[in-house]
Each structure stands twice: as C-alpha cells, then as structure tokens.
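This report concerns only the one structure given below.
Only heavy atoms go into these numbers, but all of them, side chains included; no hydrogens, no water, no symmetry mates.
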Amino acid sequence: MSGAGIGRRSLLGAAGLLAASPLRARAAAKPRVAIQTGHGLIVVELELEKAPVTAANFLRYVDAHKYDGGDFYRASRTKGAPRSGSIQCGPPVRARRYAPIAHESTRKTGLKHLAGTISMARNEPGSATADFFICASALPYLDAHPGAAGDNQGFAAFGAVIQGLNVVKKILALPTPGDGPTPGMKGQMLDPRVPILSMKRVV
C-alpha cells in the first residue's frame, strides 16, 4: 500500500556542491538494492529522503540478509486487467522481524503507486515490518485518500524499480491456483513461489 519536492533552484545549487565534492555526491545518491529472483534481476532505487522511516527499515532487513531465502508469494491482479496489479514478497519464516514501523502516508511523502513503485505491505497503519510489494502498473487506489472508507491512509511507497520491471510483470503473470490465508487472497497465491536468491545494496 504530500511531501514537498525540492525546488529547481535548490536542485541547481545542490548540483554545484556535489560536483565539487565526490564524497558528498556519493552520500547524496539514492540507495539501490538488487533483488535477484528465480525469474531474473530487479533493481529498486529508494527514496530515503522522502520516506526515511520506511526506506531505512527496508535497508535494515537487506543489510542483515533477512530477505535471502524468502520469496514472492502473491500476485494480485486487477480484475478484468490481468497485466495490472502487484507482486508481494517477504523473508523466510525463520527470519526474525524487527518491531513494526510508523506509517509514512503518501500524503506526507508525495510518492505515488505508479508502475514500478515499491511499497510496504501492512494490516492497520503502523503494523508494517518486512513484507513489501511492487506495482506492475499504476495502482492509485493504494495511495492515501482522506475521506474514503476504511483507514484511508493507503500504503507506504518508498522507491521504484529502475531495472527489471519486465521481471515484475513476468512474476505477476505466473499461476496462482491456491487458496489464500484470507478469502480476499483466493486465487492470488503463487504456486510455486518465486525464490529470492539474494538481496543486496548496489549503491
């Protein structure tokens, strides 16, 4: 499942400072994580400045290798539009999870659930730990919608795919014959699941 952007003048000024300092340029680079799956490589770039709590939590799991041996276990396709939807991933059952994190609404971060967006899975706001999903298409209903029914806070987007969106779409199209843990997940559980061979920072 809005933050203010950086103004053009600020970007130009920052560019000059970064050009003068390679160390500062590296520090300001957005973290990237390579997700090696059984169906190919996905690389995501994280919005650490816009969604600091969510992105840092994800990196904490990555750096501890807690996703290695996990899998993509769910492909949620939009009814009537099988190429639209998202795929969901989590660490292996044996992995110890950290405490749940605060919810960073898309209203606060300014991020949207577009094609390639990576976002945290959750139940109620503030319950997210390690499971995440990647959008294969734009899914605006996953953004926060004040005034809508339910908790209306949406899901916490924190980055985007910069390589391997074709892999995301390939996984979305895989068979999902089984029942889910809830009635709403029936027909969404991948069988077989898609293994995570490794996840590591590349920047």
Side-chain angles (χ1 to χ4, degrees), residues 1 33 35-44 46-47 51 54-55 57-58 61 67 69-93 95 97 100-101 103-106 109 111-145 148-196 199:
M1 317 167 327
V33 172
I35 306 171
Q36 186 65 58
T37 81
H39 282 273
L41 176 67
I42 302 168
V43 180
V44 295
L46 308 184
E47 295 287 354
T54 312
N57 175 72
F58 179 74
Y61 281 94
Y67 287 115
D71 50 45
F72 281 96
Y73 57 85
R74 183 183 181 192
S76 177
R77 293 180 283 270
T78 303
K79 187 175 182 179
R83 295 183 180 180
S84 173
S86 64
I87 59 174
Q88 191 166 329
C89 176
V93 175
R97 297 181 181 231
I101 57 172
H103 179 64
E104 288 182 306
S105 165
T106 52
T109 63
L111 302 173
K112 302 294 182 184
H113 287 86
L114 307 174
T117 294
I118 181 171
S119 187
M120 291 303 296
R122 67 170 177 84
N123 291 315
E124 66 276 1
S127 66
T129 56
D131 287 32
F132 64 89
F133 62 91
I134 301 175
C135 299
S137 62
L139 300 172
Y141 67 89
L142 298 178
D143 298 335
H145 293 285
D151 67 49
N152 67 43
Q153 295 187 46
F155 292 83
F158 63 97
V161 172
I162 60 168
Q163 179 184 335
L165 187 58
N166 62 317
V167 177
V168 175
K169 293 178 178 180
K170 184 189 302 183
I171 295 172
L172 182 70
L174 293 174
T176 53
D179 290 337
T182 66
M185 292 185 183
K186 184 176 181 179
Q188 298 181 359
M189 309 310 290
L190 290 163
D191 187 11
R193 297 183 173 198
V194 176
I196 298 298
M199 284 179 64

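Looking at heavy atoms from C-beta onward, Met120 lies in side-chain contact with Phe132 at the 4.5 angstrom threshold. Counting heavy atoms from C-beta outward, Ser105 and Asp143 have side chains that stay 4.5 Å or more apart. For the pair Thr37/Ile196, a side-chain contact is recorded, criterion being any heavy-atom separation below 4.5 Å from C-beta on. Inter-residue side-chain proximity for Thr117 and Leu111 is flagged as unmet; no heavy-atom pair is nearer than 4.5 Å. By the 4.5 Å heavy-atom criterion applied to side chains, Val33 and Phe58 are counted as neighbours. Glu47 places none of its side-chain heavy atoms less than 4.5 Å from the side chain of Thr109. Counting only heavy atoms from C-beta outward, the side chains of Leu139 and Ser86 approach each other to under 4.5 Å.
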Please walk me through it: do Met199 and Val44 pass side chain to side chain contact (heavy atoms under 4.5 Å, CB included)?
CA-CA 11 Å; Met199 284 179 64; Val44 295; over 6 Å; no
Assess the residue pair Ile42 and Val168 against the criterion (side chain to side chain contact (heavy atoms under 4.5 Å, CB included)); give the C-alpha distance rounded to whole Å, side-chain angles, the decisive distance to 0.1 Å, and a yes or no.
CA-CA 8 Å; Ile42 302 168; Val168 175; 3.8 Å; yes
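The distance from atom CD1 of Ile118 to atom CD1 of Ile87, rounded to the nearest 0.5 Å, is 9.5 Å. Here the NZ-OG distance, from Lys79 to Ser84, works out to 14.5 Å after rounding to the nearest 0.5 Å. Atom OG of Ser76 is separated from atom CE of Met189 by 10.5 Å, given to the nearest 0.5 angstrom. Note that CE of Met185 and CZ of Arg74 are 4.0 Å apart. Values are rounded to the nearest 0.5 Å. Separation of atoms CD (Gln88) and OG (Ser119) is listed at 10.0 Å; rounding is to 0.5 Å. Summarising the geometry, atom CD1 belonging to Ile134 is positioned 11.5 Å from atom NE2 belonging to His113; distances are rounded to the nearest 0.5 Å.
Of the possible polar contacts, one joining the Asn57 side chain to the Thr129 backbone as a donor-acceptor pair under 3.5 Å is found. Panel note: side chain His145, backbone Pro140; a donor-acceptor pair is recorded below 3.5 Å. At distances below 3.5 Å, not a single donor-acceptor pair connects side-chain atoms of His39 with backbone N or O atoms of Val194. Side-chain atoms of Ser137 come within 3.5 Å of backbone N or O of Gly85 as a donor-acceptor pair. Counting only distance, with no hydrogens or angles, the side chain of Thr54 and the backbone of Ala157 share no donor-acceptor pair below 3.5 Å. A donor-acceptor pair under 3.5 Å is formed between the side chain of Thr106 and the backbone N or O of Ala144.
Using the six-membered ring where Trp is involved, Tyr67 and Tyr61 have ring planes that are tilted, between 30° and 60° apart.
Across every non-hydrogen atom of Leu142 and Cys135, the tightest pair is CD1-SG, 4.3 Å. Across Tyr73 and Cys89, no two heavy atoms sit closer than the pair CE2-C, 3.6 Å. Nearest heavy-atom pair, Ala115 versus Ala136, reported as atom, atom and distance to 0.1 Å: CB-O, 4.0 Å. Among all heavy-atom pairs drawn from Ser127 and Asn123, the shortest one is OG-N, 2.9 Å.
The environment of CZ in Arg83 is sparse: at most 12 heavy-atom neighbours from other residues, nucleotides or ligands sit within 6.0 Å.
Between Arg122 and Asp151, at least one side-chain N (NZ, or NE/NH1/NH2) sits under 4.0 Å from a carboxylate O, which counts as a salt bridge.
Paired with Thr176 under the rule side-chain hydrogen bond (donor to acceptor under 3.5 Å, both in side chains), one option of Gln188, Arg77, Lys186 passes, and it is Arg77.
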